[in-house]
Structure formats: C-alpha cells, structure tokens
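If you're wondering where the values come from, they're calculated on a predicted model, not measured in any experiment. Counting starts at 1 for both ligands and their atoms, following the listed order.
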Amino acid sequence: MAVIEAADLVKEFSRPAVLPGRLPRLRGLFSTKRDTTRAVNGVNFEIEPGELVGYLGPNGAGKSTTIKMLTGILTPTSGVCRVAGLEPSRDRARNARNIGVVFGQRTQLWYDLPLRDSFEVLADLYDLDRTTYRKRVGLFTELLDLSEFLDTPVRSLSLGQRMRGDLVAAMLHEPSILFLDEPTVGLDVVAKARLTEFIAETNRTQGTTVVLTTHDMEDVERLCQRIIVIDSGAVLYDGDLSRLKERFMPHRFLVLTLSERTPAVRGIRRGVDIPFATEVEADAVGAVLPHPERSVVLRFDPREVTTPELVARASQVYQIDELSIVDPRLTDVISQLYDGLLT
Ligand SMILES: Nc1ncnc2c1ncn2[C@@H]1O[C@H](COP(=O)(O)OP(=O)(O)OP(=O)(O)O)[C@@H](O)[C@H]1O
C-alpha cells in the first residue's frame with residue numbers, strides 16, 4: 001500500500017493584485033482584486049514504502065510547494081495528500097513524527113547554538129530517552145563525519161557541515177519517510193558524495209522512503225530508481241529512470257582521437273560514411289575533449305551495431321590514437337522533457 005499519495009492535488013497562492021497607476025501598493029490595500037498563482041495543478045502519484053523517488057522539475061515547477069503540502073506546512077487548495085495514512089495539514093504533529101525534512105535552502109538548526117544543543121532540543125521534542133539519543137547522534141555523526149563539529153555553533157559551520165547537521169537533525173527520531181528538498185545545493189564534491197552515500201545507505205538498510213527534489217542530475221543518477229518530473233504544477237513523467245533512459249537515450253557516442261600522423265585530418269572526416277553511425281558535433285557528448293581539433297564523435301545505437309563492430313569499421317577509415325565510449329547525459333534528456341520535446 002502506498003505510503004505517500006497525492007490525488008488531484010492543487011495549491012493556489014493568491015495575493016492582492018498589483019494595480020496600475022501611481023502608488024500601486026496603497027491602492028492595493030483598498031482593492032479586493034487578487035492575483036492567483038496555481039503552483040500545483042492537479043498532481044497525482046503514489047509512492048510505496050522503501051522507494052527512493054526523485055521529484056524533478058524546472059525552477060518554479062511546484063516541487064517545494066508539493067513537499068510543503070506533504071510535510072503539513074501548507075494546506076492544499078483542493079485535492080488530497082496522505083503521508084503514512086495521515087493528512088499532513090490536518091494532523092501536523094503526528095505527521096511530524098513519521099517524517100524527516102531537510103530544506104537545503106534553510107536550516108532547522110539554531111544558528112547561535114552548538115550543533116549538539118540543537119540535537120538536544122530536538123531529542124526533547126521527540127521524547128527520545130538518553131541512551132537512544134546518544135546512540136543515534138554517535139552513529140549519524142560518525143557516518144556523516146561530523147563528530148568533531150558537535151560543539152561548533154551552527155553559524156560557524158561550512159555549508160556542507162551544516163547540511164550534514166540538518167540531516168542528522170531530520171533523522172534523530174528515525175522517521176520512516178524523508179523529504180529532502182535540494183539537500184546537496186552548493187556542496188563540494190566530497191561533501192556531496194558523503195551526503196548521497198548516507199541517503200542511499202539509509203534507504204537501503206532502514207527501508208526509509210525518500211522523496212528528493214534536486215536540480216543535480218548526478219544525484220538523480222546515483223540515488224533514484226524512479227523519477228517524477230513536473231512542470232507548471234503538473235506531472236510530465238512518472239516512472240523508472242532506467243526506462244526513461246532506454247526510451248529517450250538509447251544511443252551512445254564513440255569518441256575517436258585521430259592520430260597526428262593522419263594526413264589532413266579534417267579533410268578526411270568530410271564525406272566519410274560509416275554504417276549505423278552518424279557524425280555529430282563534439283559538444284553533443286557534453287565533455288571537454290582533450291584534442292578537439294582531431295576528434296571525431298560518432299553517435300550510434302547499440303541495438304543496431306555493437307561497439308567492436310563499429311570500432312572495426314571506424315579503423316578502416318581512420319588512423320585512431322585513442323577511443324572512448326560516452327553515454328548521453330541525463331541532464332540533456334530532462335531538459336528536453338521540460339521543453340516538451342519528448343512525448
Ligand atoms: N508563498 C508563495 N506565494 C506566492 N507564490 C508562491 C509562493 N510559493 C511559491 N509560489 C509560486 O509557486 C510556483 C511554484 O513554486 P515552487 O517553490 O513550488 O517551485 P519549485 O519547483 O520548488 O522551484 P525551484 O526549483 O526554483 O525551487 C512559483 O511560480 C512560485 O513563484
């Protein structure tokens with residue numbers, strides 16, 4: 001049975017209309033006109049216990065608004081959401097016991113207190129006994145490499161340390177559901193790797209259900225089996241990441257660096273026809289090529305031609321120094337989805 005459900009979920013924000021003319025703010029005070037934004041526009045999905053789902057979409061798509069409804073911070077305008085059987089906005093306190101939340105843009109830790117004190121306050125809030133509290137703080141801070149910062153005031157922590165602190169705070173009561181809204185934004189590669197490893201491990205070993213919003217496709221590739229993509233408040237795609245890739249990214253790239261001895265490298269490239277492969281611009285692979293002036297990028301579909309076959313054919317035509325196979329980037333497919341280019 002689904003642990004998180006959204007059924008025809010809608011959220012509208014309304015505010016006094018901005019009126020034309022002089023002193024618009026003052027005029028707004030006396031006007032009954034309002035502007036309405038439909039941030040979430042009839043969203044439906046069901047998430048099963050133990051799933052790790054990426055909730056993706058361009059800026060302003062309605063991701064955070066959905067998460068805020070699922071955490072009980074916002075009340076839906078219409079439709080329903082349920083989290084572990086509860087309607088979050090009606091049962092906020094009980095819902096809070098089942099969920100952990102991290103908003104990457106905002107901390108739930110007390111800025112002037114040492115990290116440890118924030119954890120203590122939260123432990124009191126959740127009625128944790130001392131032994132459980134110590135065990136969990138010990139375990140989580142060790143896993144997230146945070147033990148040496150327990151006595152540092154939050155305001156003196158780096159962004160990565162603070163974010164890891166936020167994750168510990170969200171996990172102290174061992175919630176069965178985690179909502180992570182851009183948890184890796186602004187982190188360096190090491191901090192990001194530590195955080196994503198922790199999330200994956202928690203999902204794997206504890207069976208924690210995780211809903212993750214992010215703009216970072218590396219996080220998505222590393223963590224999510226399933227993605228829900230929304231735009232303008234409505235679901236564009238809901239399904240397995242691997243199926244999305246099979247459907248929209250079946251091709252691969254063979255990148256050849258031609259030998260310097262190849263006479264008139266660029267001349268030779270023109271008009272060459274290799275069956276089952278199409279020569280494309282170097283930027284199609286999305287990586288910096290070490291020798292762009294003598295590189296050839298061939299796009300091919302592995303269902304039509306195997307890599308050894310293609311390499312054999314290419315070597316009949318080119319003198320090759322090096323070659324590599326590159327997968328297309330998820331980020332390209334996702335942006336095409338956002339742009340309505342994929343159906
Ligand atoms: N409190 C609010 N009052 C009015 N409009 C709001 C409010 N919160 C969000 N919105 C609007 O609702 C829409 C969806 O915003 P939301 O923050 O959910 O998007 P998002 O997908 O999380 O975007 P981002 O990736 O930029 O964080 C946007 O047009 C935003 O301006």
Side-chain angles (χ1 to χ4, degrees), residues 4-19 24-25 28-29 31-45 47 52-81 83 88-89 92 99-108 159 162-163 166-167 170 177-187 192 195-196 199 210-221 223-224 226-238 241 330-340:
I4 303 172
E5 298 170 64
D8 299 324
L9 194 61
V10 171
K11 180 67 194 178
E12 287 179 346
F13 294 107
S14 100
R15 54 173 181 213
V18 179
L19 299 170
R25 268 168 205 261
L29 282 179
S31 163
T32 53
K33 282 207 173 139
R34 300 188 71 81
D35 283 334
T36 301
T37 310
R38 199 168 249 236
V40 173
N41 186 14
V43 158
N44 291 284
F45 57 76
I47 295 173
L52 202 168
V53 178
Y55 196 59
L56 316 179
N59 289 128
K63 304 179 296 290
S64 298
T65 306
T66 311
I67 301 292
K68 284 177 186 162
M69 287 192 275
L70 295 171
T71 54
I73 297 170
L74 290 174
T75 305
T77 305
S78 66
V80 167
C81 60
V83 175
S89 61
R92 215 172 144 172
I99 66 171
V101 190
V102 174
F103 285 105
Q105 316 275 15
R106 198 153 21 99
T107 182
Q108 63 161 319
L159 179 63
R162 199 216 79 202
M163 205 74 93
D166 262 296
L167 198 53
I177 301 160
L178 263 183
F179 293 107
L180 306 174
D181 194 349
E182 300 207 41
T184 61
V185 71
L187 301 195
K192 206 169 85 144
L195 207 82
T196 48
I199 295 165
V210 182
V211 179
L212 167 78
T213 81
T214 181
H215 290 285
D216 188 320
M217 292 305 138
E218 268 181 26
D219 289 356
V220 175
E221 296 243 38
L223 290 171
C224 306
R226 172 183 168 194
I227 57 169
I228 300 175
V229 182
I230 63 163
D231 193 13
S232 306
V235 175
L236 286 181
Y237 178 86
D238 179 354
L241 181 60
L330 180 61
T331 184
D332 293 338
V333 174
I334 296 288
S335 35
Q336 286 179 49
L337 255 180
Y338 294 169
D339 292 340

| query | When rounded to the nearest 0.5 angstrom, what is the spacing between CD1 in I228 and CG in L236? | reply | 11.5 Å
| Is the closest protein non-hydrogen atom to atom 9 (C) of ligand 1 under 4.0 Å? | yes
| message | Only heavy atoms of H215, strictly under 4.0 Å: list the atoms of ligand 1 that pass. | response | 25 (O)
| said: Under 4.0 Å from atom 31 (O) of ligand 1, can you find at least one protein heavy atom? | reply: no
| message | Are any of the N/O atoms on F13, whether in the backbone or the side chain, positioned under 3.5 angstrom from an N/O atom of ligand 1? | response | no
| Shortest protein contact, atom 14 (C) of ligand 1 (heavy atom only) | G60 O, 3.4 Å
| request: Check for a donor-acceptor pair, side chain of K63 on one end and backbone N or O of Y55 on the other, with a separation under 3.5 Å. | output: no
| said: Nearest 0.5 angstrom please: L180 CG to F103 CZ, how far? | reply: 10.0 Å
| So which protein heavy atom does atom 17 (O) of ligand 1 come closest to, and at what separation? | S64 CB, 3.8 Å
| query | Under 3.5 Å, N or O to N or O, is G57 touching ligand 1 that way? | reply | no
| At a 4.0 Å threshold, what atoms of ligand 1 neighbour a non-hydrogen atom of P58? | 21 (O)
| Which pairs with one or both residues in residues 5-14 pass side chain to side chain donor-acceptor pair (under 3.5 Å), sequence neighbours excluded? | D8-N44, E12-R38, S14-R34
| field | Main-chain N/O of Q108 paired with D166 side-chain donor or acceptor, under 3.5 Å | value | yes
| query | By number and element, which atoms of ligand 1 are closer than 4.0 Å to a non-hydrogen atom of N59? | reply | 23 (O), 24 (P), 25 (O), 26 (O)
| I230 side chain near V40 side chain, heavy-atom distance below 4.5 Å | no
| task | Check whether the side chains of D219 and T196 place a donor and an acceptor atom closer than 3.5 Å, and report yes or no. | result | no
| note | With sequence neighbours left out, the residues meeting side chain to side chain donor-acceptor pair (under 3.5 Å) with K192 are D216, E218
| Of all the non-hydrogen atoms in the protein, which one sits nearest to atom 12 (O) of ligand 1, and at what distance? | A39 CB, 3.2 Å
| remark: Heavy-atom proximity to atom 25 (O) of ligand 1 ranks first, among R15, K63, R38, for K63
| Which residue and non-hydrogen atom of the protein lie closest to atom 18 (O) of ligand 1, and at what distance in Å? | T65 OG1, 2.5 Å
| How many angstroms lie between atom SG of C224 and atom CE of M217, to the nearest 0.5 angstrom? | 9.0 Å
| request: Output yes when the distance from some N or O of ligand 1 to some N or O of G62 is under 3.5 Å, and no in every other case. | output: yes
